Every structure is written in C-alpha cells, then in structure tokens.
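What follows is a single structure, written as structure tokens, with notes after it.
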Amino acid sequence: ISRSVPSATSALSAPSSITFDCRDYWCSGGFTNDAGQEAPRFMSVYIIVTDEYGNWDYCRTGVMVQNNMGAVVTNCPNRPCEADLLGRAVVGGSIQTEQGRNIELVDISLEGGNSVVQTSASGTYEFPAMNTGGSYSVVPQKLLAPRNGLSTADILLIQKHILGSEKLNTPYKMIAADINKSGEITSADLVELRKLVLGKIDNFSRNTSWRFVDKAYQFTTNNPNAETFPELYTIGQLTTNMTGISFVGVKVGDVNNTSLPSQLYAAEERSNKSINLTVNEREFKAGEIVEIPISNENAGELNSLQLSLGFSKGNLSFEGFANNNIQMSEENFSYLLLNQGILSASWNTNVSNKVEAGQPLFTLKFKALRSGKLSESLYMTPEGISAEATTENDEIQKVDLKFIQNGIAMDSKLELYQNYPNPWDIYTQIGFNLPQATTATIKVYDASGKLLRSINGTYQKGYNQVSLEGDDLI
C-alpha cells in the first residue's frame with residue numbers, strides 16, 4: 001500500500017500497511033484550514049498487488065479518516081498533505097421523451113466507475129460520489145416491455161412515411177420507425193413490427209426496446225438514422241459536479257407517442273368513440289363447418305384494425321379465414337394462443353379505405369365440436385392484443401363486437417355458461433357474459449350446497465372467463 005503513485009522500484013518494496021495520524025484526519029476533512037477552506041473529503045491510497053516473479057499492478061481508491069469515537073485530537077500544523085487528494089463529484093441528469101415525459105427504470109451505467117443506477121419515476125438519476133480526475137461514459141439502456149405503446153396504428157403511420165403520403169415529422173419518430181436498426185425505414189421494419197404486435201416474437205431482432213439520444217445533440221440532416229448521433233455521454237476528465245447529463249428517450253416502434261414511460265402516467269383515451277363489428281347470430285350443430293362473416297356496423301373510413309377474438313374451445317375449432325372487403329394473409333394473424341381459444345389479427349391498408357355498412361370485412365371458419373350458438377361461443381377478449389381501429393384522420397377508436405338477430409342488435413345480458421371441459425380432472429373454465437364492465441363474484445358449490453370457492457374480480461363488458469384447477473376446490 002502506498003500514499004503516492006507506485007513505480008517499478010517502489011511497488012516491490014511498499015509496506016503492507018500505513019498509519020494515519022492527525023494530519024491525515026485534517027487532509028480527509030476533519031478540519032477547516034486557516035483560510036476557512038474545508039479540506040477534501042477523500043485522499044488517494046494506492047493498493048499494490050505483486051507476485052513471486054516480480055509482476056505487479058495497482059489500483060487507486062479513496063480514504064477518509066474519521067474520528068468516530070470522539071477522541072480529543074490535537075490540531076496539526078496546516079502544512080501540505082503528503083498524499084495527493086482524491087476529490088469527489090456528483091454525476092447525474094434526467095431522461096425524458098421528446099414530449100418531456102419522464103422515463104423510469106432506465107439502467108444507467110457509468111463506465112469507468114463500475115456503477116449502475118436506475119432512473120426514478122421522475123426520470124432522474126445520480127451517481128453521488130465519483131472520483132474526480134477520471135474519465136467516464138454515461139450509457140443508458142432500457143430493455144423492458146418491447147410492446148409498450150405499439151399497435152397497428154404505428155404500422156399504418158410508418159407505412160405512410162415510406163410511401164410519402166404522410167411523413168413522420170420529428171427525427172425521434174424516424175429513429176423509432178427504424179425497427180431493425182438498418183439506418184433506413186423500409187417495409188422490413190413493418191414486417192418485424194407486426195410480428196411483435198401480434199406476439200409472434202418477444203423482442204426486436206437487432207434493436208432494443210428503447211434508444212437514447214444525448215439531449216444536447218442537434219440533428220443536421222433530414223435522415224437522422226444516417227447520422228452518428230450519440231447514445232452515450234463521455235466525460236473526458238471529471239473535475240466538478242456534472243448534474244445536467246440528459247437524454248431523450250425513444251420508444252422503438254412507437255411513432256404516435258402512446259407508450260407509458262413511467263408509472264406516473266396513465267393510459268390515455270385517444271377517443272371516446274368506437275366502431276362496432278357485427279356477427280349474425282345463428283345456431284350450429286356438431287360436425288358442421290361454421291363460416292362467420294365479421295362486418296362493420298356503420299359506413300365509414302377504416303384504415304387499420306387489430307383485435308383478439310376468443311372462442312369456446314368446447315364448441316368450436318378454428319379452420320381458417322377468407323377475405324371480403326379487406327385483404328389479409330397469414331402474416332396478419334397470430335395462432336399462438338389458439339390452444340387457449342384466442343385468435344389475434346392485425347391489418348392496415350395503404351390508402352384511405354371506405355367500407356359500407358353491414359358489408360363483411362373478412363370471414364372466419366370454424367368446425368363445430370358440439371351444438372351451440374355463436375353468441376355463446378365467440379367474444380372479444382383483452383388477452384392477446386387490445387381491440388382498436390384507425391379511422392378518418394388517423395383517429396384511434398375502440399372496437400366492440402355485437403351480435404345481430406333478425407336485423408336487430410341483441411341486448412347484452414348477464415349469462416353464466418356451462419364450464420368446459422365437463423367432466424374435468426386437472427382444470428376447467430367457466431365463461432360468463434356481463435351487460436357492462438363491473439365487479440363480479442363467482443361462487444362454486446358442491447352438491448350439498450357447501451361453498452368451495454369464491455372468485456372476485458373486475459371484468460369487462462361482454463364475455464369473460466375464469467379458470468379452476470382441482471387444487472382450488474380442496
């Protein structure tokens with residue numbers, strides 16, 4: 001161990017310990033000198049490691065000598081410290097979106113200091129005591145929740161940018177649109193983004209969930225993805241507090257700014273309007289191929305649509321789809337949750353798309369496993385992807401499903417359906433319909449009337465279901 005920078009000669013003969021005295025106490029902040037200046041809080045100490053062959057190396061650390069026991073200390077003369085002084089400084093800043101929304105849970109690495117902190121809900125971070133004199137790099141990263149804020153509406157806007165009909169209007173949106181981080185925005189970005197929206201992939205192939213740009217950077221061209229914009233901040237030599245090192249966060253794929261960067265923000269309702277998809281009520285028999293046209297209730301502009309439809313696995317088995325007034329392919333569907341009775345779809349058009357009232361958009365095909373009714377076998381579900389559509393002027397609206405009987409919309413009513421499978425051993429599912437979103441309680445009794453299980457929850461309007469396992473009734 002040494003108080004000064006070791007050399008090849010001194011390293012091999014350095015003592016294994018050193019003794020601190022009152023002068024060290026003064027040097028490490030114990031006193032204020034005659035000029036009224038507070039002494040530095042830390043002083044340098046060099047830890048040396050050698051081996052039997054004479055090889056050696058060292059590291060530098062800081063020591064502050066404290067009088068924790070309250071001993072009486074005689075002031076030493078105010079003469080220079082023998083060890084060089086090791087100062088401390090604060091490194092910090094904030095991370096926000098281009099709209100000024102704070103981003104939490106960003107991992108901030110301080111390379112050169114071997115430290116990592118996270119931004120708070122207010123988007124701030126701080127490294128409270130870093131050695132002065134050193135060089136560092138501040139590197140932000142956030143890999144969480146790649147689907148946060150992503151929907152088919154983003155695909156539509158990116159496609160418009162590619163076609164030139166409506167350009168993305170900020171450099172940060174263009175960075176967000178470069179899904180595969182190729183340096184340009186192409187149809188390949190649309191393909192990968194749709195896969196993520198549909199849940200076919202869990203992460204971007206060559207990109208992270210968020211990217212971060214030094215807030216002080218000024219873009220110089222109309223193609224920010226071709227610029228080498230800084231995604232870290234380099235400190236050449238830390239000499240004083242640096243608390244303004246800030247970044248602009250970019251949620252990859254989110255070009256309509258719907259992501260939630262912090263728990264301080266609630267999901268925004270973009271519109272109180274909704275479009276209604278309709279299905280004609282009908283009965284079906286076991287073994288029948290059931291074709292279900294999905295229609296738009298009212299005439300209007302429909303430029304994108306995404307939804308997840310649930311179906312009773314006890315009644316129906318999915319067979320395929322057919323196009324009507326919108327054109328879809330296998331790339332527009334996700335079958336990952338079919339074993340749970342959930343089918344997801346994501347579609348958008350290249351140009352303004354007008355649909356007529358009551359005209360089928362597409363048709364779903366199922367095989368009936370047993371007799372039943374469509375209204376008891378098909379429903380909109382929040383599992384999978386949220387149901388939304390983009391209409392005129394890129395307005396995002398909610399999507400509802402209605403059943404039509406004899407030309408009239410069926411009233412939604414409270415209904416409890418037969419559990420499936422029945423009988424059951426490992427698990428069963430209980431479906432029920434609610435006329436409006438509300439809290440509900442499901443109680444399970446045995447044949448003697450004894451209560452076996454009570455399930456409380458908040459459920460959406462329309463079809464819902466809960467699962468029971470055998471252990472739940474013990």
Side-chain angles (χ1 to χ4, degrees), residues 94-109 118-119 123 139-162 166-215 217 219 222-233 246-263 265 267-268 304 306 331 334 346 348 385-386 388 390 394 396:
S94 64
I95 300 186
Q96 299 175 320
T97 65
E98 65 172 319
Q99 294 79 34
R101 306 177 85 192
N102 303 319
I103 307 175
E104 68 176 343
L105 301 179
V106 180
D107 293 320
I108 312 292
S109 300
Q118 277 192 334
T119 54
V139 185
Q141 184 181 62
K142 185 174 182 177
L143 306 177
L144 302 174
R147 292 189 185 90
N148 179 10
L150 306 189
S151 72
T152 309
D154 295 299
I155 299 174
L156 176 64
L157 293 176
I158 296 173
Q159 188 167 55
K160 287 183 177 182
H161 175 87
I162 293 172
E166 184 180 329
K167 289 289 188 179
L168 299 173
N169 57 8
T170 75
Y172 301 109
K173 289 181 180 179
M174 285 186 267
I175 292 171
D178 184 13
I179 304 300
N180 59 12
K181 209 174 180 180
S182 65
E184 55 185 352
I185 303 171
T186 68
S187 59
D189 297 304
L190 302 177
V191 172
E192 184 163 345
L193 181 54
R194 194 182 306 277
K195 288 180 179 179
L196 192 68
V197 168
L198 286 170
K200 293 181 176 181
I201 58 176
D202 294 323
N203 294 284
F204 297 116
S205 61
R206 296 171 53 191
N207 214 337
T208 52
S209 179
W210 288 81
R211 296 182 72 178
F212 301 93
V213 182
D214 182 355
K215 188 175 181 179
Y217 180 74
F219 291 94
N222 293 325
N223 184 9
N225 288 305
E227 298 184 31
T228 308
F229 52 84
E231 298 187 72
L232 55 81
Y233 185 93
S246 299
F247 295 85
V248 176
V250 178
K251 177 64 190 73
V252 175
D254 178 23
V255 296
N256 61 359
N257 304 317
T258 56
S259 63
L260 299 179
S262 167
Q263 61 183 337
Y265 305 103
E268 295 181 0
S304 78
Q306 69 173 46
E331 290 184 355
S334 173
S346 163
N348 65 279
I385 60 177
S386 60
E388 66 176 44
T390 303
D394 297 331
I396 299 175

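Being a predicted model, the structure only gives us computed values, none of them experimental.
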_Heavy atoms from other residues, nucleotides or ligands near NZ of Lys195 exceed 12 (cutoff 6.0 Å)_ = no
_How long is the straight-line distance from NZ of Lys167 back to CD1 of Ile162, given to the nearest 0.5 Å?_
9.0 Å
*To the nearest 0.5 Å, tell me how far Leu143 CG sits from Thr208 OG1.*
6.5 Å
*asked:* Looking at every non-hydrogen atom in both residues, tell me the closest pair between Gln96 and Ile103 and how far apart they are.
replied: C-CD1, 3.7 Å
*With sequence neighbours excluded, tell me which residues meet side-chain contact (heavy atoms from CB on, under 4.5 Å) with Pro171.*
Phe219, Pro224
*side-chain contact (heavy atoms from CB on, under 4.5 Å) evaluation trace for Phe204 with Lys181*: CA-CA 9 Å; Phe204 297 116; Lys181 209 174 180 180; over 6 Å; no
_Under 3.5 Å: donor-acceptor pair, side chain of Glu192, backbone of Ile179_ = no
_I need the Ser151 OG to Leu193 CG distance, nearest 0.5 Å._
8.5 Å
*Could you tell me which non-hydrogen atom of Ile155 sits nearest to which non-hydrogen atom of Val197, and how far apart they are?*
CD1-CG2, 4.5 Å
*So, the side chain of Ser246 versus the backbone of Ser94: is there a donor-acceptor pair under 3.5 Å, distance only?*
yes
*Start with the C-alpha distance between Asp202 and Arg147, add both sets of side-chain angles, then the distance that settles side-chain contact (heavy atoms from CB on, under 4.5 Å), and finish with yes or no.*
CA-CA 8 Å; Asp202 294 323; Arg147 292 189 185 90; 3.3 Å; yes
_Inter-residue atom distance Phe212.CZ - Thr97.OG1, 0.5 Å rounding_ = 11.0 Å
*Closest heavy-atom contact between Asn180 and Glu184?*
OD1-O, 4.5 Å
*Which heavy atom of Ala153 sits nearest a heavy atom of Ile396, and at what distance?*
CB-CD1, 3.8 Å
*Shortest non-hydrogen contact between Ser259 and Arg101, atoms and distance*: O-NH1, 3.3 Å
*Rounded to the nearest 0.5 Å, what's the gap from CG on Leu105 to CD1 on Ile95? Could you check?*
11.0 Å
*Is the number of heavy atoms from other residues, nucleotides or ligands within 6.0 Å of OH (Tyr233) greater than 12?*
no
*Run through Arg211, Lys215, Lys142 and flag the one making a salt bridge (Lys or Arg N to Asp or Glu O under 4.0 Å) with Glu231.*
Arg211
_Return the CG to CD distance between Leu156 and Gln306, rounded to the nearest 0.5 Å._
11.5 Å
*Does any N or O in the side chain of Asn207 come within less than 3.5 Å of the main-chain N or O of Asp178, such that one atom is a donor and the other an acceptor?*
yes
*Would Asp254 and Asn148 count as a side-chain contact (heavy atoms from CB on, under 4.5 Å) if you check the C-alpha gap in whole Å, the side-chain angles of each, and the deciding distance to 0.1 Å?*
CA-CA 8 Å; Asp254 178 23; Asn148 179 10; over 6 Å; no
*Hey, is CD on Gln118 packed in by over 12 heavy atoms from elsewhere, all under 6.0 Å?*
yes
*Who passes side-chain contact (heavy atoms from CB on, under 4.5 Å) against Gln159, sequence neighbours left out?*
Leu163, Leu190, Asn348, Asn350
*Which heavy-atom pair separates Leu196 from Ile201 by the least distance, and what is that distance?*
CD1-O, 3.3 Å
*asked:* Keeping Ser346 on the side-chain end and Thr152 on the backbone end, is there a donor-acceptor pair under 3.5 Å?
replied: no
